[in-house]
Every structure is written in structure tokens, then in C-alpha cells.
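For reference, the structure is listed below as C-alpha cells.
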Amino acid sequence: MTLRRCTDMAVADWLVQSATAAHQLIVMGPEGFGAYARLRYVPDPAAVGQSENDIDLPADHPHDLDQARRALHLLAAHTATPDDCFFAVWDGYSDIHLPPGPLLTGLPYREFALLRGPLRAIDSWEADFGDGFPIAPPGFVWPADQSWCFTSDVDPHFAGIGAGPTAIGVLLGDPVLDVVAADPGAEQPFYY
């Protein structure tokens with residue numbers, strides 16, 4: 001395991017002390033990036049009031065973690081600190097086994113375990129924390145230089161990403177991922 005439990009919660013002050021509206025912060029990340037996008041784990045709802053249970057996905061549809069992993073690999077080239085990153089994991093998951101330590105409590109709606117290490121640690125995420133089974137991606141991932149922020153809250157069907165325009169352009173142009181440009185202050189599509 002290359003990630004260790006972080007005890008210095010001050011590294012998350014830029015998120016905790018952000019003036020960004022609570023819902024926007026938890027779903028799209030903090031204000032201030034040059035561009036934003038949504039990585040759609042499943043397609044957006046086709047109708048108001050649609051349930052996520054109403055969509056038909058092919059048997060080979062990639063797991064959320066696999067999609068997040070690919071996006072994070074692409075974002076690795078857009079930070080000067082890929083070997084020093086932070087992974088905030090929602091404390092409410094019963095299938096993610098984390099080392100003991102303090103919780104990050106200043107973010108809206110959730111408490112998080114905070115891990116620190118290289119971005120490549122996402123490659124062994126399920127082996128390190130899920131007994132080898134597919135598990136949810138981290139709720140937040142950001143490099144120490146804060147050049148981008150990846151958010152994957154438990155409720156939406158997408159991950160929100162704030163970064164520079166070049167990094168977002170790379171995600172938008174990826175032939176495998178379903179990424180769309182986003183206005184972080186706008187209401188995002190949700191399943192009911």
C-alpha cells in the first residue's frame with residue numbers, strides 16, 4: 001500500500017475554507033479553476049424524474065472506479081506533484097476498509113478519511129481498500145499543488161472535475177471516457 005492516513009487536516013483547508021456553495025463544492029469542487037467538466041459514469045437522465053434503475057447499460061460497461069482511474073491518469077500529466085496527492089474517502093462506505101486515523105470534518109454533508117501518497121496509488125485502490133472487489137472511487141482527489149480537483153460524491157452519477165483548460169480539453173477529447181464540459185454553478189442533471 002502506497003497511501004498513508006493523513007493526520008494534517010490543514011492540507012484540505014483550501015476546500016474546507018472555500019467560499020463555494022456547499023452543494024457545488026461537494027459535487028463539482030471549489031471555484032477558481034479555468035474550466036470544469038463532468039465525467040459521466042452513466043449517461044445523463046433522458047427525462048425528468050427518471051431513476052438510475054431505468055437505464056439499460058451493456059454488460060461490459062466500465063465500473064465507476066475504472067472510469068475515475070482513467071481520468072486521474074490523464075490528469076497526472078497536468079500537475080507538478082503527481083507523487084504527492086490527497087484522496088478523501090467518504091467515511092460512510094461499509095465496503096471500503098481504511099487504516100485508522102482522524103476524519104476530515106469541515107466539508108459539507110460528509111466526513112472523510114484523508115489519505116496521502118502518489119496518484120498512481122489509484123491503480124491498487126480496490127486491492128488496498130476493497131478486498132480486491134470493485135469499490136467506489138475517492139470522494140475527492142487533488143495534487144499537492146492544487147492544479148486540479150476531482151470530486152466523486154456518493155449521490156450523483158458523475159464525477160466533477162475542475163482544472164485548467166488544457167487538462168479539461170484532454171479529458172473532453174478522450175475516446176474512452178464520457179466527459180462533457182460543465183458550468184459548476186449551474187444545476188447539474190440528476191437521477192431521482
Next on the checklist: Taking Asp66 first and then Arg70, would you say they form a salt bridge - that is, a charged N and a carboxylate O separated by under 4.0 Å?
Outcome noted: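 A salt bridge is absent here (no side-chain N lies under 4.0 Å from a carboxylate O).
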Item to check | Short N-O contact, Asp155 and Arg110, less than 4.0 angstrom | outcome: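 Here Asp155 pairs with Arg110 in a salt bridge, since their nearest N and O are under 4.0 Å apart.
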Heavy-atom check, side chain of [X] versus side chain of [Y], under 4.5 Å:
| X | Y | answer |
| --- | --- | --- |
| Phe158 | Val180 | no |
| Phe129 | Leu98 | yes |
| Thr151 | Val27 | no |
| Pro134 | Glu126 | no |
| Ile55 | Gln50 | yes |
| Asp84 | Arg116 | yes |
| Pro82 | Arg120 | no |
| Leu75 | Leu171 | yes |

Next on the checklist: Apply side chain to side chain contact (heavy atoms under 4.5 Å, CB included) to residues Phe112 and Asp91 and explain how you reach the verdict.
Outcome noted: CA-CA 5 Å; Phe112 296 88; Asp91 188 49; over 6 Å; no
Okay, side chain of [X], backbone of [Y]: is any donor-acceptor separation there less than 3.5 Å?
| X | Y | result |
| --- | --- | --- |
| Trp125 | Ala136 | yes |
| Gln67 | Pro62 | yes |
| Gln24 | Thr20 | no |
| Asp145 | Ser147 | yes |
| Tyr36 | Phe33 | yes |
| Trp148 | Pro143 | no |

So, taking the atom named [atom1] in [X] and the one named [atom2] in [Y], what distance separates them when rounded to the nearest 0.5 Å?
| X | Y | atom1 | atom2 | answer |
| --- | --- | --- | --- | --- |
| Thr2 | Asp128 | OG1 | CG | 6.5 Å |
| Glu111 | Leu114 | CD | CG | 13.0 Å |
| Leu57 | Glu52 | CG | CD | 8.0 Å |

Give me the atom names and distance for the closest heavy-atom approach of [X] to [Y].
| X | Y | result |
| --- | --- | --- |
| Ala181 | Leu172 | N-CD2, 3.4 Å |
| Tyr41 | Pro137 | OH-CG, 3.6 Å |
| Pro118 | Leu3 | O-CD2, 4.2 Å |
| Cys149 | Phe140 | SG-CD2, 3.8 Å |
| Gly117 | Phe87 | O-CE1, 4.0 Å |
| Cys85 | Leu119 | SG-CB, 3.8 Å |

Check whether [X] and [Y] end up in the same hydrophobic cluster, where Ile, Leu, Val, Met, Phe, Trp and Tyr are linked by side-chain heavy atoms less than 4.5 Å apart.
| X | Y | result |
| --- | --- | --- |
| Tyr191 | Tyr109 | no |
| Val42 | Met28 | no |
| Leu74 | Val176 | no |
| Val170 | Leu177 | yes |
| Trp14 | Leu115 | yes |

Next on the checklist: Can you tell me how the ring of His23 sits relative to the ring of Phe190, calling it parallel under 30°, perpendicular over 60° and tilted otherwise?
Outcome noted: tilted
Next on the checklist: Is the ring pair Trp142/Phe86 parallel, tilted or perpendicular, if the boundaries are 30 and 60 degrees?
Outcome noted: parallel
Item to check | salt bridge (Lys or Arg N to Asp or Glu O under 4.0 Å), paired with Arg38, selected from Asp178, Asp153, Asp44 | outcome: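 Running salt bridge (Lys or Arg N to Asp or Glu O under 4.0 Å) over Asp178, Asp153, Asp44 with Arg38 returns exactly one hit, Asp44.
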Checklist outcome for this item: Checking Leu39, Val141, Asp123 against Leu72 for side-chain contact (heavy atoms from CB on, under 4.5 Å), the one that qualifies is Val141
Checklist entry - Hey, mind stepping through Ile168 and Val179 against side chain to side chain contact (heavy atoms under 4.5 Å, CB included) and telling me if it holds? => result CA-CA 9 Å; Ile168 295 297; Val179 178; 5.9 Å; no
Next on the checklist: Before you tell me yes or no, could you show the steps for Val16 and Leu104 under side chain to side chain contact (heavy atoms under 4.5 Å, CB included), namely the whole-Å CA-CA distance, both residues' side-chain angles and the distance that decides it to 0.1 Å?
Outcome noted: CA-CA 9 Å; Val16 172; Leu104 175 61; 3.9 Å; yes
